Amino acid sequence: FLTQLLHTPVNDATERAFSEAQLREALAYCERSLQEMEGEADAGVERARTLVNLGRIHLRLREDEKAEAALLKAREE
């Protein structure tokens with residue numbers, strides 16, 4: 001679902017609003033997933049993947065600083 005969402009073009013204001021709402025939901029899901037993985041030693045790859053997804057979502061939302069922070073954290077994993 002997330003991959004499809006990140007590759008969906010948005011053309012008009014209605015689609016952008018709908019897409020933004022979906023992106024915000026995906027963002028919340030990823031953030032919850034990261035919290036659940038906290039302290040799990042063997043979750044490094046999955047944590048990095050989730051951080052990359054967070055970065056991509058922030059980019060789509062034009063939140064460049066948050067995107068950069070998430071992608072840098074992913075690289076550290």
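As the structure is a computational prediction, the values presented were derived from the model and not from experiment. Any value given below was found using the heavy atoms of this structure, including those in side chains, with hydrogens, waters and symmetry copies removed.
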Could you grab the distance from atom CZ of Arg47 to atom CE of Met37, nearest 0.5 Å is fine?
7.0 Å
Output for pair (Leu27 CG, Asn53 CG), nearest 0.5 Å, gives 10.5 Å
Rounded to the nearest 0.5 Å, how far apart are CD of Glu46 and CG of Leu34?
9.5 Å
Shortest non-hydrogen separation from Ile57 to Leu23 and the atoms involved:
CG2-O, 3.7 Å
Please give me the minimum heavy-atom distance between Ala48 and Glu77, naming the atom from each residue.
CB-CB, 3.6 Å
Can you tell which of Val52, Leu51, Thr50 makes a side-chain contact (heavy atoms from CB on, under 4.5 Å) with Cys30?
Thr50
Enter the distance from Leu61:CG to Ser19:OG here, rounded to the nearest 0.5 Å.
8.0 Å
To the nearest 0.5 Å, atom CD of Glu68 lies from atom CG of Asp64 at 8.5 Å
Take atom CD in Glu65; do more than 12 heavy atoms of anything else shown fall under 6.0 Å from it?
no
Check this for me, if you would: do Lys73 and Glu76 make a salt bridge, where the nitrogen-to-carboxylate-oxygen distance has to be below 4.0 angstrom?
no
For Glu63, what residues pass the salt bridge (charged side-chain N to carboxylate O under 4.0 Å, His left out) criterion, not counting sequence neighbours?
Arg24
Testing the basics here: between Ala70 and Gly55, what is the closest heavy-atom pair and its distance to 0.1 Å?
CB-N, 3.7 Å
